[in-house]
Amino acid sequence: MNKPADRRYAEIITGPTLEFVQPPDQLARIRQVVELGLGNFIGLSAIFHVGNSDEERAEWKVRYPEWAAQIDALPSARNLPIMGSPAILSPLPEELLLEEVRLCRELGLYFECPSYVAQGFGSEFKANDRLLREVRRIGGEYLLHSCVLGENTSSLGSVQPYSYWQEQHGMDPESMNLRTMRDWFLEKDRAKVRQALRPGLPVTTNVEATVQFRLAMELGVQVPILEFVPSDPAVGIPAARGAARAYDSPYWGVALAMGWFRAPLDDTLPARLRIAYNYFFAAGASYFDNINCPFHIHGAPSGFFTEQSRPPFRAGEPEFRDFDDPLCADVRQVMREFARFAQFHRRPAGNPRVAIGFMLGHLDSYCFGKAQSHVWGVGEPGWEVGDAERTWDLFRVAHDTEPWYPPPEMYYWQKDPVRFPRHGTPPFGQVDIVPMEAPLSVLKSYRCLVFLGWNTMTPDVYEKLKDYVRGGGRLLMSLPHLSAQVHRKPELELIHDGDLRDLFGVRVTGKGENAENVRFVSSLPSGPYHFPEAAFYIEGAPLARVELAGAEVVAESVDPSGPVGLAKDGAGEPLLVQHRLGKGFAYLFTTWMYPGPHVPALLTDVLRTIVDAEQGDIALEGQLVSYSVYDDKGCADEVAVVYAANMSLYDQPQIPTLIVRDQRVPLWVDAHGMRIAWVGPRLIVSPRDLMVRVDDMKTHGDICEVELTAKPGRHEVQLEGLGSRITEVRLDDRPLRLKRGQDGTHYVSAVLKDAHRLRVGFGGARRLPR
């Protein structure tokens with residue numbers, strides 16, 4: 001695969017790794033990446049399966065005497081009779097490693113060289129900077145990166161008592177708090193990162209299945225890679241991309257461990273893999289590592305290293321599928337198609353548009369895992385997952401839409417029945433989870449910042465947020481986010497002793513009464529968000545006593561003792577306030593607790609209102625389709641590129657509506673497929689397949705000229721005028737007939753090969769929908 005000719009385009013790295021490829025087979029598998037068109041990348045690995053029998057192990061030791069001690073210490077895996085025990089045997093023999101590096105360079109394959117491959121693992125670790133420098137010298141530009149930390153934050157979900165921390169790590173329980181635990185998690189890996197950086201490898205990565213990429217990146221790791229699965233991509237994508245932006249990463253990516261975590265492994269794997277490629281490509285990933293599918297597929301239990309952790313095989317799932325298995329063949333076909341597309345297509349460099357950033361607060365260790373019961377790995381009272389983490393549950397509101405039939409509730413006005421998001425998707429299709437450590441320049445790239453989970457406030461962060469709002473940002477926080485406490489306790493330690501007038505226009509004088517019912521005020525103050533006036537909610541929360549000093553009340557507590565259960569007239573205690581600061585607006589929930597478990601319906605409507613208000617000039621309306629919007633700054637016109645990925649597992653197309661400046665256009669997206677639309681000032685160009693691309697668009701008067709490149713074949717290209725109707729279409733000076741589909745779309749059909757010029761003329765104004 002060739003590099004993009006223009007730096008305005010992203011370079012896509014895609015291919016498999018050699019995980020569980022036995023040492024004698026690795027060179028052949030590297031060659032097959034090129035021979036079979038599986039991508040432009042290979043990940044080196046020293047993870048194998050060692051047989052159970054004495055004969056097999058003796059053969060291993062004869063061939064690889066440097067691993068003899070590791071093999072002798074390896075327990076048998078009697079429930080893996082075909083392959084035997086999984087094991088990390090490292091370092092790789094130097095001769096084999098360097099031969100693999102030479103082969104990658106000869107074939108033009110990017111490659112990853114994890115540090116453990118050259119330096120050993122665990123008790124076998126031996127720093128070998130000389131060998132890594134030789135890998136760098138031989139590999140040259142094809143040495144892509146070194147993987148330093150893998151699943152580094154999974155330990156945040158496994159808890160230990162004080163006795164463990166004291167006996168194993170010398171930590172005094174009296175001195176353990178959120179800050180000291182964060183510092184410990186950083187320090188335990190600092191030496192590993194320094195060791196990996198010392199030989200001067202190009203970049204370093206870490207692979208995580210949680211949202212806590214920042215722990216590694218604060219140590220100097222440069223590239224976040226999301227392990228998919230077991231992570232939830234709706235959370236993992238925003239976290240990986242948000243961390244990449246916060247730490248100025250050159251790219252971010254995904255490790256597609258799809259063969260492991262759905263048990264039993266079934267024939268849906270190729271379809272799920274195709275959807276995942278489209279989904280992550282649209283979201284901005286530039287690195288795709290298919291861990292263990294094209295050469296062989298192992299059942300999930302085959303990847304567990306101990307008998308205790310190994311789950312049983314289920315529903316007839318085979319232990320192993322070899323190279324010729326139809327499922328492996330189907331996976332290779334999916335990989336070939338994606339590699340071909342990634343080589344041909346030119347996605348604009350950088351990340352897609354993102355309007356809303358959800359802040360991963362200071363000292364927040366939540367992983368978004370259902371099994372996480374405590375924070376920072378401490379299994380003691382006072383460290384339990386609580387209101388802060390449960391408030392993170394409302395993160396999904398940004399992606400949800402109301403069902404067509406909402407079930408009845410105790411009172412029909414508990415949720416406003418007419419306040420639906422227009423699109424059911426976040427603005428421009430994406431949101432980020434942004435580490436609070438991000439610099440102000442990164443925060444300013446978001447139109448709105450929302451705090452949900454834990455945050456320990458510091459003076460520097462407070463000033464940074466003031467500057468963000470003053471410059472035009474919109475900020476949503478709750479009172480606990482402004483507490484400086486480093487212990488999990490209900491008492492707040494509000495920054496500036498509760499004097500928040502400079503940011504939120506209020507002064508907090510203490511803890512107030514409990515609100516039992518709340519509503520939005522009937523006369524909302526003017527601002528960017530139009531909340532549902534007078535909507536009433538039968539829920540409440542402990543409030544703070546506040547004095548207004550420039551803030552305006554948006555929601556308040558109410559007395560429900562009026563006639564027929566309706567609230568009495570008159571102002572209640574402020575619950576949500578709005579404050580203008582410079583060019584921006586700051587919103588504060590005055591709840592004494594994190595609001596998620598206490599006012600979930602109200603907070604849901606607040607978030608949905610924000611999602612609705614922050615919609616931009618381009619949106620996609622529909623379900624089961626994920627989309628993103630990029631700006632192609634290299635075109636003569638201002639051109640946005642829209643990617644729409646069909647997320648349905650079933651063999652069904654989706655037909656979402658593309659909305660551009662209030663004009664609505666249906667967009668057919670094939671089953672398991674992706675559709676791309678180039679949006680200019682006066683024209684939408686959207687090929688029906690992925691082997692046609694737009695290289696430039698230029699409008700002068702009533703003419704738009706489009707430069708196309710296509711793979712040979714007959715192609716259909718949808719054309720829609722924006723604000724005026726199309727009167728003429730010419731391809732390389734030949735007239736083309738503009739056809740009209742049954743769904744009202746317009747398209748042309750032509751045999752295309754290589755470069756073409758499309759000339760589109762416009763006539764009278766098209767009446768836009770009101």
Side-chain angles (χ1 to χ4, degrees), residues 1-4 10-48 64 88-121 128-148 150 196 199-205 207 222-223 225 250-251 253-256 285-296 323 331-332 335-336 338-340 342-343:
M1 295 174 66
N2 298 322
K3 297 182 180 180
E11 185 172 8
I12 305 301
I13 308 298
T14 181
T17 68
L18 296 176
E19 184 173 270
F20 290 123
V21 173
Q22 305 293 66
D25 301 329
Q26 290 196 343
L27 291 170
R29 296 307 192 199
I30 292 173
R31 292 187 181 93
Q32 284 181 321
V33 174
V34 175
E35 294 167 358
L36 301 176
L38 302 181
N40 60 349
F41 165 83
I42 188 75
L44 305 186
S45 176
I47 303 177
F48 312 110
Y64 308 107
I88 299 173
L89 299 179
S90 60
L92 276 180
E94 182 171 331
E95 181 180 347
L96 175 60
L97 174 57
L98 295 182
E99 189 174 358
E100 291 179 354
V101 171
R102 292 187 191 97
L103 181 59
C104 289
R105 179 164 185 164
E106 175 187 326
L107 297 174
L109 280 179
Y110 290 111
F111 69 95
E112 171 193 77
C113 184
S115 54
Y116 81 90
V117 168
Q119 296 181 322
F121 189 84
N128 197 337
D129 291 356
R130 177 198 59 79
L131 180 55
L132 285 175
R133 289 191 179 101
E134 186 68 1
V135 167
R136 182 185 182 189
R137 184 190 69 80
I138 296 173
E141 65 178 313
Y142 294 101
L143 174 55
L144 182 66
H145 58 230
S146 172
C147 182
V148 182
L201 299 184
V203 295
T204 54
T205 68
V207 180
Q222 296 153 302
V223 176
I225 296 175
Y251 57 91
V254 55
L256 295 157
S286 295
Y287 167 82
F288 299 80
D289 177 1
N290 193 331
I291 289 181
N292 49 18
C293 296
F295 305 130
H296 44 232
F323 185 86
V331 164
R332 290 195 295 274
M335 293 183 69
R336 272 192 296 271
F338 179 72
R340 181 171 177 259
Q343 180 181 12

More than 12 heavy atoms from other groups under 6.0 Å of CD on Glu95: no
Ile30 side chain reached by Leu107 side chain, heavy atoms, under 4.5 Å: yes
Nearest-0.5 Å distance, CG of residue Leu201 to SG of residue Cys147: 12.0 Å
Interatomic distance, Asp289 atom CG to Ile13 atom CD1 [nearest 0.5 angstrom]: 11.5 Å
Check: Val21 main-chain N/O paired with Gln26 side-chain donor or acceptor under 3.5 Å: yes
Partner of Tyr251 under side-chain hydrogen bond (donor to acceptor under 3.5 Å, both in side chains), chosen from Gln222, His145, Glu11: His145
Flag, side chain of Ser90 to backbone of Leu92, donor-acceptor distance under 3.5 Å: no
Distance, nearest 0.5 Å, that separates CG of Leu96 from CG of Leu27: 6.0 Å
Gap separating the CG atom of Leu144 from the CD1 atom of Ile42, nearest 0.5 angstrom: 12.5 Å
Flag, side chain of Thr17 to backbone of Ile291, donor-acceptor distance under 3.5 Å: yes
Salt bridge (charged side-chain N to carboxylate O under 4.0 Å, His left out) involving Glu94 - partner list, sequence neighbours excluded: Arg130
Inter-residue atom distance Thr14.OG1 - Met335.CE, 0.5 Å rounding: 5.5 Å
Full working for side chain to side chain contact (heavy atoms under 4.5 Å, CB included) between Leu97 and Val117: CA-CA 8 Å; Leu97 174 57; Val117 168; 3.9 Å; yes
Heavy-atom side-chain contact between Val254 and Ile225 under 4.5 Å: no
Donor-acceptor under 3.5 Å (Asn40 side chain, Ile12 main chain): yes
Polar side-chain atom of Arg332 near backbone of Phe323 as donor-acceptor pair, under 3.5 Å: yes
From CA spacing to verdict: ring-ring contact (aromatic ring centres under 6.0 Å, His included), Phe48, Phe20: CA-CA 4 Å; Phe48 312 110; Phe20 290 123; 8.3 Å; no
Considering all heavy atoms, the nearest Ala10-Ser286 contact: CB-OG, 4.3 Å
Test item: Tyr116 side-chain N/O and Ala46 main-chain N/O as donor-acceptor pair under 3.5 Å: yes
Stacked cation flag Arg105 on Phe111, 6.0 angstrom / 45 deg: no
Rounded distance (nearest 0.5 Å) linking atom CD of Glu100 with atom CG of Leu109: 12.0 Å
Any donor-acceptor pair under 3.5 Å from Arg336 side chain to Leu38 backbone: no
Pairing of Arg137 and Glu134 as salt bridge, 4.0 angstrom limit: yes
Residues Arg29, Gln32; criterion side chain to side chain donor-acceptor pair (under 3.5 Å); working and verdict: CA-CA 5 Å; Arg29 296 307 192 199; Gln32 284 181 321; 2.8 Å; yes
Donor-acceptor contact present, side-chain Arg136 to main-chain Gly200, <3.5 Å: yes
Sub-4.5 Å side-chain heavy-atom contact between Leu143 and Cys113: yes
Phe41 and Tyr287 aromatic ring geometry - parallel, tilted or perpendicular at 30°/60° bounds: perpendicular
Distance-minimising heavy-atom pair for Val101 and Gly139: CG1-N, 3.6 Å
Leu98 vs Ile138 side-chain heavy atoms within contact, under 4.5 Å: yes
Considering all heavy atoms, the nearest Ser45-Ile47 contact: OG-N, 3.2 Å
